[in-house]
J.: 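Following this message is one structure expressed as structure tokens.
Everything numeric in this text was worked out from a predicted model, so none of it was measured. Heads up: numbering here begins at 1 and tracks the sequence.
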Amino acid sequence: LNQLTWKELVDSISAGSFSNPAVANVEKDSITDNDGPGQLKGRNNAGNGWAWACAVVVASTWNTELCYEQGRIIGNESMWIGTSGWYGPGLDTHRSPLAGRNFEYYSQDGVQGGLIASAIIKGATDMGCHVYMKHAFLNDQETNRLDMATFVTEQAIREIYAKPFELSVKKGNANGMMASFNLIGIESSLGYATVVQMYKNEWGFDGFSVTDMWGGSTSYARASGWTGYAMARSF
């Protein structure tokens, strides 16, 4: 970091939508990340990856060996189509049949969904793909998801809703995390308690967290800033 100019540091953070820019000063190439849970999108019109059956169907196989092979194929695709990172898979746990992203999420059971997801993630990361689990966590609706607050006990979070993310960190070598827009209680999903204390200090997460696109409330943006600062200090 000491070799970067102030402008290069600012550009690396502010120009980070689906990518981070090249930094000639340290011979860093540009890196592109793309959606999504059902299909890895290509870069520079290079074509897209395979369109998979939705996550619910994948989880219904109960076949972690086959899921690992799916992850390996996605990791291979990331090289073929010029994408370094995968904005997927979706690891939230089904809480309502009306949730708009249920087709992207594996299961109504945190452990079962977590074992399926961790196998897929392990396959992709074994091939060098950077995987962003999303949306961490409790993303229960699509309508007004920037404005909702989800209230749930810490025990339920740990035993059910955060469990797929925890298993994917510990078993799947997950190296990226995408936050959800919703508040968890009165705290941002990018709060210090989740991003630093839970992911890093408790689970041993060795990666980084990103926001979901660039939208969200003021608390979302504020939390992402001071949590990032706290993470940087903790390394």
J.: Are Leu66 and Val57 in one and the same hydrophobic cluster, where Ile, Leu, Val, Met, Phe, Trp and Tyr link if side-chain heavy atoms are under 4.5 Å apart?
T.: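 Result: no, two separate clusters.
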J.: Rounded to the nearest 0.5 Å, what's the gap from CG on Asn48 to CD on Glu77? Could you check?
T.: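 Output value for this atom pair is 9.5 Å.
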J.: Quick one: are Ser209 and Leu190 in side-chain contact, heavy atoms under 4.5 Å?
T.: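 They are in contact (side-chain heavy atoms under 4.5 Å apart), so the answer is yes.
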J.: For residues Thr194 and Tyr199, determine if any side-chain heavy atom of one lies less than 4.5 Å from a side-chain heavy atom of the other.
T.: yes
J.: Do Ile31 and His130 have side-chain heavy atoms sitting under 4.5 Å apart?
T.: no
J.: Would you mind reporting whether Trp52 and Ile73 have side-chain heavy atoms less than 4.5 Å apart?
T.: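 Side-chain contact under 4.5 Å: yes.
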J.: Answer yes or no: is there a side-chain heavy-atom contact under 4.5 Å between Pro164 and Tyr105?
T.: no
J.: Could you grab the distance from atom CG of Asn102 to atom CD of Glu142, nearest 0.5 Å is fine?
T.: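 Answer for the CG-CD pair, Asn102 versus Glu142, is 10.5 Å.
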J.: Stepwise, does the ring-ring contact (aromatic ring centres under 6.0 Å, His included) test hold for Phe165 with Phe205?
T.: CA-CA 10 Å; Phe165 298 90; Phe205 176 59; over 10 Å; no
J.: Verify the cluster assignment for Ile157 and Leu91: are they in a single hydrophobic cluster under the rule of side-chain heavy atoms below 4.5 Å apart?
T.: yes
J.: Answer yes or no: is there a side-chain heavy-atom contact under 4.5 Å between Val195 and Met177?
T.: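 Not touching, per the 4.5 Å side-chain cut-off.
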J.: Please report the C-alpha distance between Asn182 and His135 in whole Å, then the side-chain angles of each, then the deciding distance to 0.1 Å, and finally whether the side-chain contact (heavy atoms from CB on, under 4.5 Å) criterion is met.
T.: CA-CA 10 Å; Asn182 58 288; His135 306 83; over 6 Å; no
J.: To the nearest 0.5 angstrom, please state how far the CG atom of Asp147 sits from the CD atom of Gln141.
T.: 9.0 Å
J.: Write down the atom of Thr211, the atom of Met178, and the distance for their closest heavy-atom approach.
T.: O-CG, 3.9 Å
J.: Check Gln197 against Asn201 and note the closest heavy-atom contact, atom names and distance.
T.: O-CB, 3.3 Å
J.: Just do the side-chain contact (heavy atoms from CB on, under 4.5 Å) check on Tyr68 and Asp126 with the steps written out, would you?
T.: CA-CA 10 Å; Tyr68 176 79; Asp126 280 355; 2.7 Å; yes
J.: Quick one: side-chain hydrogen bond (donor to acceptor under 3.5 Å, both in side chains) partners of Asp35, sequence neighbours excluded?
T.: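 Counting only residues at least two positions away or on another chain, Asp35 forms a side-chain hydrogen bond (donor to acceptor under 3.5 Å, both in side chains) with Lys134.
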J.: Going by heavy atoms in the side chains, are Leu115 and Lys171 under 4.5 Å from each other?
T.: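 A side-chain contact exists here, since the closest heavy-atom pair is under 4.5 Å.
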J.: Go through the steps to decide whether Asn175 and Val131 satisfy the test side-chain contact (heavy atoms from CB on, under 4.5 Å), and finish with yes or no.
T.: CA-CA 6 Å; Asn175 48 20; Val131 173; 4.1 Å; yes
J.: Rounded to the nearest 0.5 Å, what separates atom CD in Gln112 from atom OH in Tyr106?
T.: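 Between Gln112 CD and Tyr106 OH, I get 11.0 Å after rounding to 0.5 Å.
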J.: Got a sec: does the CD of Glu69 have more than 12 other heavy atoms crowding it under 6.0 Å?
T.: yes
J.: Output, in order, the C-alpha distance, side-chain angles, deciding distance and verdict of side-chain hydrogen bond (donor to acceptor under 3.5 Å, both in side chains) for Asp109 and Ser107.
T.: CA-CA 5 Å; Asp109 182 278; Ser107 180; 5.2 Å; no
J.: Quick check against the 3.5 Å criterion: does Asp33 have a side-chain atom that pairs as donor or acceptor with the backbone of Trp86?
T.: no
J.: How close do Lys28 and Pro21 get, counting heavy atoms only, and between which atoms?
T.: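 That would be NZ-O, 2.9 Å.
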J.: Do Ile121 and Met79 belong to the same hydrophobic cluster, where Ile, Leu, Val, Met, Phe, Trp and Tyr are linked whenever their side-chain heavy atoms lie under 4.5 Å apart, directly or via other members?
T.: no
J.: Taking all atoms of both residues into account, what is the closest heavy-atom pair of Leu138 and Ile184, and its distance?
T.: CD1-CG2, 4.1 Å
J.: If I compare all heavy atoms of Ser180 with all of Asn139, which pair ends up nearest, and what's the gap?
T.: CB-CB, 4.1 Å
J.: Within a strict 4.5 Å, meaning less than it, do heavy atoms of the Glu8 and Asn25 side chains meet?
T.: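 Yes. Closest side-chain heavy atoms under 4.5 Å.
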J.: Decide whether Met148 and Leu146 are clustered together by the hydrophobic rule: side chain heavy atoms of Ile, Leu, Val, Met, Phe, Trp, Tyr closer than 4.5 Å, transitively.
T.: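 In one cluster: no.
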J.: With Asn34, which residues qualify under side-chain hydrogen bond (donor to acceptor under 3.5 Å, both in side chains), at least two apart?
T.: Thr83
J.: Which is it for Ser96 and Asp140 under the side-chain contact (heavy atoms from CB on, under 4.5 Å) test, yes or no, and what are the steps along the way?
T.: CA-CA 7 Å; Ser96 164; Asp140 298 330; 6.0 Å; no
J.: Rounded to the nearest 0.5 Å, what's the gap from CE on Met198 to CZ on Phe137? Could you check?
T.: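 Rounded to the nearest 0.5 Å, the CE-CZ separation comes to 5.0 Å.
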J.: Once you round to the nearest 0.5 Å, how far does CG of Asp206 lie from NZ of Lys200?
T.: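 Here the interatomic distance stands at 7.0 Å.
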J.: Please tell me whether Val58 and Leu167 are part of a single hydrophobic cluster in this structure, the criterion being side-chain heavy atoms less than 4.5 Å apart.
T.: no
J.: So which heavy atom on Ala51 is nearest to which on Gln39, and how close?
T.: CB-NE2, 3.9 Å
J.: Is Glu202 paired with Arg158 through a side-chain N to carboxylate O contact shorter than 4.0 Å?
T.: yes
J.: Taking the six-membered ring for Trp, are the ring centroids of Phe208 and Tyr132 within less than 6.0 Å of each other?
T.: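 Yes: the rings meet the under 6.0 Å criterion.
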